[in-house]
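Step one of this worksheet: look at the structure below.
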Amino acid sequence: MGDQNIFAAVLDKVRAANEALIADGVLPVGIDQSRIVVEPPRESAHGDMATNAAMVLAKGAGSKPRVLAEAIAAKLRRDDVVAKAEVAGPGFINLTLRPAAWINALRAILAAGKNYGRGDVGGGAAVNVEYVSANPTGPMHVGHCRGAVFGDALANLLAFAGFNVTREYYINDAGAQVDALARSAFLRYREALGEHIDVIPEGLYPGDYLKPVGAALTAEYGAALRDKPETEWLPVVRNRAVDMMMAEIRNDLQALNVVHDVFFSERSLIEGTRDQVGETIAALRRAGYVYEGRLPPPKGAPVEDWEDREQTLFRATDFGDDVDRPLMKSDGSYTYFASDIAYHKNKVDRGFRSMIDVWGADHGGYIKRVQAAVSAVRAITQAGNADLDIKIVQLVKLLRGGEPVKMSKRAGEFVTLREVVDEVGKDPVRFMMLYRKNDAVLDFDLAKVIEQSRDNPVFYVQYGHARAQSVFRNAREAVPDLPSDDAARAAMLAAAPLDRLEDAGELALMRRLALYPRLIEAAAVAHEPHRIAFYLYDLASDFHTQWNRGKDASYLRFIIQNDPQMTMARLALVQGLVTVLASGLGLLGVEAPDEMR
RNA sequence: GCGCUCGUAGCUCAGCUGGAUAGAGCACCAGACUUCGAAUCUGGGGGUCGGGGGUUCGAAUCCCUCCGAGCGCGCCA
């Protein structure tokens, strides 16, 4: 929606000015305009927006930036919405727009409502966002929160920016870990049958959370499994255990408001109608990317039972990885990495040319080989434009009142995702997990995130929305027929005399609101949902500031009892604010409350 | 030893893919307010952007190199 994005609109004006200069012979025909940007200046004294056009074009035009800037500025001054166009610094053109431009921007918000900021940079392209993908060997712990929230918000953001998003969870239901899960559950099964289980052996999962699995198996099979050989009971127990773990995981995710479209089973790659892992390896082998060979022993900490043997290797080094990677274990089964190649190929086969994987920081060392895998998949599938972006979410440090929360992994004592959500609620969890760049370590303080004060960004933003809603409630006296329905109210307020909004604080608020579509686009392209959280904080801050000014100067209040027209105009501004706050919070998956209690 | 990520105010962090005099919150200092236009407000001080070199009109941002922190480093997932 270009007409919503005032920066894009002004960029068009700059381009038009350049076209005029081409016609005048000042600029050469066909000069590259792609690097021109129009952006808000860091210093508000520099005007409303600035463009680097002259500096970018100077070289190609064979002229000096400031001279060229003056020529472009002269063209821009002819435009109605441009109040001022000044050349500054090395050749910036600073633009000040007439207030009418910002008022039009507000009008666009009222007209678009929930769809304000919705973009089309995605162009409907299919993108697969894979996140969480926690092993189904136990309940999710607090460390999983961040990836869950990040992936979910990113998916929301991409959908809003015009991508066709699939939210996916990869279930690691193959391999040794789920076999260990099955053996652990089998002990709980025997326990449920009345047997005394003394200790859970090393390497198995000791947690109580497997007791219900044992009980369920007893209920369904009685004692029938107990005396069968492991080869017979293991698949049965494993499936049941994985199913029950996944049910619990989905449940926990739901408490965080995280919902996936596709749960993709790793096992299905091997046990479906075809062996997709085998097929992928064969295809790679035909293309020359797989060979039988030997690896040098691993560096770093010495490995106890290292044995030098010939094995099936993927030429990851052809694609920038440090060493070639094994595809088959010594017992003849596929490595996890082999499945992962097939899995990413499967995504490409399903039509995804854009893939995003969200991983925890401890998987950082895995990036190169999976990128190498995708490069090879590109080569064997003719999907030349297939792209994978791997987003790493850093560790979360759980605190309570500044003190680290003790967790002992060895004793199996970990804080679950569920416990955290139950204690503080999903909103603080979601907002705070996003109030930080994904690749920076995050402190999450259980005490601070529920504080009702300015220090707590979640509260500050939500309070902004609640306070704005309270304006509507209190406005009924001055404007008795004000609708409570959002769309109806927006429609009514659009008819208000918006040109009476001329206070500096009001204009600042309108400028910030006008930034939203541009922010959405940039955040979506960069895969950075945290930008929304920071923007919302700034927006709420602008609103609270203006509110506080009304305490000292009553003519700046939003409701002016004896001036219904002015009140209407200010309510329109508040409506714009509410629209954007609710939209942004919605993308983060955080409630926009009508009141705080 | 190697790879990845990070290093910005005393602290916690932004910095819009290379733009102008690097921002915000906390803390600190100085005022205001004693309150439902409630869950504080206004202003102020505070920086070799880890160090050094390079690329160019221009670098916190890109490249190289040191220093420091975190994570990872065979057939685990």
Side-chain angles (χ1 to χ4, degrees), chain A residues 35 37 39-43 45-46 50-52 55-56 58-59 64-66 88-92 94 133-135 137 170 172-178 180 266 295-301 303 305-309 311-312 321-323 325-340 360-368 392 394-395 435-437 439-443 445 451-457 459-460 463 466-467 470-471 474 515 518-519 521-523 525-526 528 530-531 533-535 537-538 541 544-545 547-552 554 556-559 596:
Chain A
R35 287 176 54 224
V37 295
E39 55 188 5
R42 199 148 44 188
E43 195 74 38
H46 292 147
T51 179
N52 61 351
M55 291 180 289
V56 172
K59 207 172 219 171
K64 291 185 174 166
R66 287 192 62 107
F92 286 100
N94 290 331
S133 300
N135 287 341
T137 51
Y170 184 51
N172 301 131
D173 54 1
Q177 289 191 10
V178 282
E266 178 187 358
L295 284 179
K299 306 274 194 240
V303 179
D305 53 350
W306 166 258
E307 86 180 282
D308 186 25
R309 68 176 176 91
Q311 49 188 339
T312 305
D321 198 1
D322 307 318
V323 289
R325 303 290 176 178
L327 298 174
M328 310 287 285
K329 301 187 209 169
S330 51
D331 68 1
S333 64
Y334 300 122
T335 60
Y336 177 80
F337 177 58
S339 298
D340 224 4
D362 52 341
H363 290 66
Y366 203 71
I367 293 176
K368 277 189 183 178
I392 293 295
Q394 265 294 350
L395 178 95
Y435 198 63
R436 194 110 312 173
K437 247 180 327 197
D439 48 16
V441 179
L442 181 148
D443 290 346
D445 194 311
E451 250 174 45
Q452 300 215 339
S453 77
R454 166 156 211 176
D455 308 355
N456 178 5
F459 169 77
Y460 195 63
Y463 180 40
R467 185 176 248 181
S470 82
V471 175
N474 294 330
L515 234 46
R518 182 178 183 275
L519 169 92
E521 185 173 321
V525 170
E528 290 184 349
H530 76 274
R531 294 190 198 185
F534 283 94
Y535 168 82
Y537 182 86
D538 290 341
S541 177
H544 290 307
T545 298
W547 179 278
N548 290 326
R549 290 178 69 211
K551 283 200 244 184
D552 293 335
S554 59
L556 285 177
R557 293 184 176 202
F558 293 96
I559 298 169
M596 305 290 285

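A quick note: this is a predicted structure, and the numbers were derived from the prediction, not measured. Letters A, B, ... are given to chains in the order of the sequence lines, protein chains preceding strands, and every chain is numbered from 1.
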Exercise. Does the base of A20(B) carry an N or O that pairs as donor and acceptor with the side chain of N94(A) under 3.5 Å?
Worked result: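 Answer yes: a donor N or O sits under 3.5 Å from an acceptor.
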Between [options], which nucleotide has the shortest distance from any of its atoms to the side chain of [X]?
X	options	value
Q177(A)	A77(B), G19(B), G25(B)	A77(B)
F92(A)	A14(B), A20(B), A39(B)	A20(B)
N135(A)	A39(B), C6(B), A77(B)	A77(B)
P326(A)	A39(B), G74(B), A14(B)	G74(B)
D362(A)	U42(B), C71(B), A14(B)	C71(B)
R518(A)	A77(B), C16(B), C41(B)	C16(B)
A88(A)	C13(B), A20(B), C16(B)	A20(B)
D322(A)	A39(B), G3(B), G19(B)	G3(B)
Y537(A)	U5(B), A20(B), A24(B)	A24(B)
Q394(A)	A39(B), A20(B), U5(B)	U5(B)

For [X] and [Y], which I'm curious about, is there any donor-acceptor pair between the side chains at under 3.5 Å?
X	Y	answer
T137(A)	Q177(A)	no
D331(A)	S333(A)	yes
R467(A)	H544(A)	yes

Looking only at atom types and distance, does a side-chain atom of [X] sit under 3.5 Å from a main-chain N or O of [Y], one as donor and one as acceptor?
X	Y	result
N172(A)	N135(A)	no
R66(A)	G91(A)	no
D321(A)	K368(A)	no
T335(A)	P326(A)	yes

Exercise. For RNA chain B, which ranges pair as stems of 3 or more consecutive Watson-Crick or G-U pairs, with both donor-acceptor distances under 3.5 Å?
Worked result: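 Counting only runs of 3 or more consecutive pairs, the stems involving RNA chain B are B:1-7 with B:67-73, B:10-13 with B:23-26, B:28-32 with B:40-44, B:50-54 with B:62-66.
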Exercise. So which heavy atom on P41(A) is nearest to which on A50(A), and how close?
Worked result: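 So the minimum-distance heavy-atom pair works out to CD-N, 4.3 Å.
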Exercise. If you look at every heavy atom in E451(A) and F459(A), which pair is closest and at what distance?
Worked result: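 Looks like O-CB, 3.6 Å.
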Problem set entry | Stacked pair H363(A)-G72(B), distance under 5.5 Å, angle under 30° |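 Aromatic stack with G72(B) absent for H363(A).
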Between [N] and [X], is there an OP1 or OP2 to side-chain N/O distance shorter than 4.0 Å?
X	N	value
H530(A)	G15(B)	yes
R467(A)	A39(B)	yes
R454(A)	C41(B)	yes
K437(A)	G15(B)	yes

Exercise. What string of B, S and - do you get for nucleotides 56-65 of chain B, 5' to 3', when a contact is any protein heavy atom under 4.0 Å?
Worked result: -S--------
Problem set entry | Protein proximity profile, nucleotides 27-34 of chain B - base contact B, sugar-phosphate-only contact S, no contact -, cut-off 4.0 Å on heavy atoms | --------
For this session: Provide, to the nearest angstrom, the distance between the CZ atom belonging to F534(A) and the P atom belonging to U8(B).
Result: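 Value for this atom pair: 15 Å.
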Exercise. Given atom CH2 of W547(A) and atom P of C41(B), what is their separation to the nearest angstrom?
Worked result: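 Spelled out: CH2 on W547(A) to P on C41(B) is 13 Å.
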For this session: Tell me whether U17(B) sits syn or anti, counting syn as a glycosidic angle within 90° of 0.
Result: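 With its glycosidic angle within 90° of zero, U17(B) counts as syn.
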